[in-house]
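Down below is the structure, laid out as structure tokens.
Values reported hereafter were calculated over all heavy atoms of this structure, with side chains retained and with hydrogens, waters and symmetry mates removed. Sequential numbering from 1 along the given sequence is applied to the chain's residues.
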Amino acid sequence: MKESFVSDLDFITELKSYTVTEQITEGCSGDKKYKLEKNGKYYLLRVGNQAKAAERKKEFDRLRMYADTDINTHRPISFGTTADRFFSIVSWVAGTPVMDMIKKDVSNDYYGLGRKVGMELRKLHLAGETDEGKDWRGIIEEKAAAFLENYHYRKAEILGGSHGEQYIRENMYLMEDRPLTVLHGDFHWNNCVVDEKGNVGIIDFSGSETGDPWYDFGGLLWAMEYSDSFANGQIDGYFDTPPDIFWPVFKFYVALYAFEHLTYCNGTPEDMQIKIVNASRMLGIFGKDFTLEQPLFRIKGRKPCTANEIC
């Protein structure tokens with residue numbers, strides 16, 4: 001084991017049979033992550049504060065529901081805690097993040113890649129389907145109230161903000177009787193990887209929240225800034241043909257996601273301006289006044305508006 005990587009890992013006795021090959025610096029969870037090797041196979045080690053142990057244990061246990069499926073994701077290996085820390089070891093999912101692939105050449109057509117990602121997301125949701133009673137509308141009403149309160153408190157000027165807020169308030173009924181599944185929790189193009197054979201893998205689950213499966217489409221907002229073809233592919237891969245009800249529900253979640261984005265501001269004027277630009281761009285995919293029934297990337301020959309454009 002390389003000393004520079006393992007100086008604080010002596011408490012994990014399981015590591016005696018592994019080699020720590022590198023520390024992974026990507027991500028914003030606050031946990032430390034390492035790549036391990038054992039008998040020619042690779043694994044992911046995550047280490048963090050005891051305060052996160054219960055949440056991380058849920059994520060670890062949740063992976064068991066995918067163990068007997070063909071979903072290309074982590075397989076749980078080992079989990080443990082001490083008085084002040086936790087650790088988890090899961091199988092490694094090889095591949096390059098979709099984000100890196102698309103940003104490397106935004107001129108390419110990524111529809112096929114998007115379809116593969118959508119198909120994997122569909123399999124993930126089907127594996128986690130549940131009949132447990134849950135007041136999804138109540139949960140979304142609470143989220144919306146908090147996000148909109150923050151929006152007004154900050155006096156942010158988002159292009160189309162008033163229209164997005166109106167849409168949320170007038171269409172909360174869409175949250176009634178939604179199907180429930182175990183959500184990925186942070187499904188976006190940087191948590192999807194593609195290996196050399198073109199196989200798509202899903203990584204970095206966030207919690208074990210149960211909710212409307214279409215809620216996981218919020219992360220698509222990051223990719224559609226760069227690739228309409230990928231966005232269309234993900235939706236078509238998930239549905240083949242999306243039902244009519246998908247669009248108003250997706251539109252609702254787009255508005256909600258835009259206002260949620262503002263809650264991650266670190267408090268500086270510079271960061272707030274970045275968040276405002278991003279939120280404006282998100283709302284802009286449904287037109288200047290948030291009035292389109294389908295997003296611009298779905299309309300042939302049109303591109304999503306930037307934050308400063310009038311559609």
Side-chain angles (χ1 to χ4, degrees), residues 55 58-59 61-62 64-66 69 71 114-115 117-151 160-188 191 202 205-221 224 231-232 234-261 263 282-283 285-287 290-295 297-298:
E55 177 184 352
K58 287 182 179 179
E59 295 171 12
D61 288 343
R62 174 242 178 113
R64 299 185 192 281
M65 76 172 67
Y66 310 127
T69 71
I71 299 171
R115 281 194 66 95
V117 169
M119 291 169 68
E120 288 300 306
L121 180 60
R122 177 71 172 175
K123 289 192 291 185
L124 197 77
H125 287 161
L126 289 174
E129 280 184 331
T130 177
D131 292 327
E132 73 172 51
K134 191 169 189 178
D135 181 13
W136 181 244
R137 173 170 177 163
I139 291 170
I140 294 300
E141 284 180 335
E142 187 174 334
K143 287 178 180 286
F147 300 158
L148 291 172
E149 180 180 4
N150 174 74
Y151 168 59
S162 61
H163 300 288
E165 178 177 0
Q166 182 180 359
Y167 188 85
I168 289 175
R169 297 190 185 282
E170 292 181 353
N171 291 277
M172 188 63 69
Y173 70 92
L174 292 170
M175 300 296 100
E176 293 280 3
D177 301 321
R178 296 297 305 149
L180 299 177
T181 192
V182 180
L183 301 172
H184 178 280
D186 193 22
F187 192 83
H188 55 73
N191 284 337
I202 301 174
F205 291 77
S206 179
S208 55
E209 181 183 15
T210 321
D212 176 7
W214 296 353
Y215 190 67
D216 265 340
F217 275 91
L220 187 59
L221 286 164
M224 64 181 62
N232 280 313
Q234 181 175 320
I235 291 171
D236 290 345
Y238 188 92
F239 294 107
D240 281 333
T241 301
D244 291 342
I245 189 59
F246 172 73
W247 298 113
V249 172
F250 176 63
K251 185 175 181 177
F252 183 97
Y253 289 143
V254 166
L256 193 69
Y257 199 98
F259 290 114
E260 179 183 12
H261 185 61
T263 67
M282 293 171 186
L283 293 178
I285 70 169
F286 279 95
F290 205 65
T291 55
L292 297 178
E293 293 183 359
Q294 291 191 9
F297 68 81
R298 201 69 179 180

Separation of L183 CG from Y215 OH (nearest 0.5 Å) = 8.5 Å
Would you call R298 and P242 a side-chain contact if the rule is heavy atoms closer than 4.5 Å?
-> yes
Checking side-chain contact (heavy atoms from CB on, under 4.5 Å) for the pair E209/K134: CA distance, chi angles, key distance, verdict?
-> CA-CA 11 Å; E209 181 183 15; K134 191 169 189 178; 4.0 Å; yes
Taking side chain as C-beta onward, heavy atoms only, is I140 less than 4.5 Å from I168?
-> no
Take T291 and H163 through the test side-chain contact (heavy atoms from CB on, under 4.5 Å) and record every step on the way to the result.
-> CA-CA 8 Å; T291 55; H163 300 288; 5.6 Å; no
Is H188 close to N191 at the side-chain level, that is, under 4.5 Å between some pair of heavy atoms?
-> yes
Ring pair (Phe, Tyr, Trp, His ring centres under 6.0 Å) involving H125 - partner list, sequence neighbours excluded | Y238
Could you list the residues that satisfy side-chain contact (heavy atoms from CB on, under 4.5 Å) with E293, not counting sequence neighbours?
-> none
Compile the donor-acceptor pairs under 3.5 Å between side chains in residues 245-260 and protein atoms, sequence neighbours left out, one pair per line.
from, atom 1, to, atom 2, distance (Å)
K251, NZ, F290, O, 2.9
K251, NZ, L292, O, 2.9
Y253, OH, W136, NE1, 3.0
Y253, OH, D212, OD2, 2.7
Y257, OH, W222, NE1, 3.0
E260, OE2, Y264, OH, 3.0

Could you tell me whether the side chain of L124 reaches within less than 4.5 Å of the side chain of F205, counting heavy atoms only?
-> yes
For D186, the salt bridge (Lys or Arg N to Asp or Glu O under 4.0 Å) test, sequence neighbours excluded, returns none
CE (M119) and CZ (F239) are apart, to the nearest 0.5 Å, by 14.0 Å
Heavy-atom closest pair (G164 atom, L283 atom, distance to 0.1 Å) is CA-CD2, 4.4 Å
Heavy atoms of M65 and A127 approach each other most closely as SD-O, 3.9 Å
Distance in Å, F217 CZ paired with I235 CD1, rounded so as to fall on 0.5 Å steps | 6.0 Å
With sequence neighbours left out, the residues meeting salt bridge (Lys or Arg N to Asp or Glu O under 4.0 Å) with D240 are R115
Report the residues that fulfil salt bridge (Lys or Arg N to Asp or Glu O under 4.0 Å) with E141, sequence neighbours left out, ordered by chain and then residue number.
-> R137
For residues 121-133, the salt bridge (Lys or Arg N to Asp or Glu O under 4.0 Å) pairs (sequence neighbours left out) are D70-K123, E120-K123
Taking it one step at a time, do D61 and K58 satisfy salt bridge (charged side-chain N to carboxylate O under 4.0 Å, His left out)?
-> CA-CA 5 Å; D61 288 343; K58 287 182 179 179; over 6 Å; no
Calculate, to the nearest 0.5 Å, the distance between atoms CG and CG belonging to L121 and L220 respectively.
-> 10.0 Å
Ignoring hydrogens and geometry, is there a side-chain-to-backbone donor-acceptor pair from T181 to G128 under 3.5 Å?
-> yes
Which residues satisfy the side-chain contact (heavy atoms from CB on, under 4.5 Å) test with R169, sequence neighbours excluded?
-> L148, E165
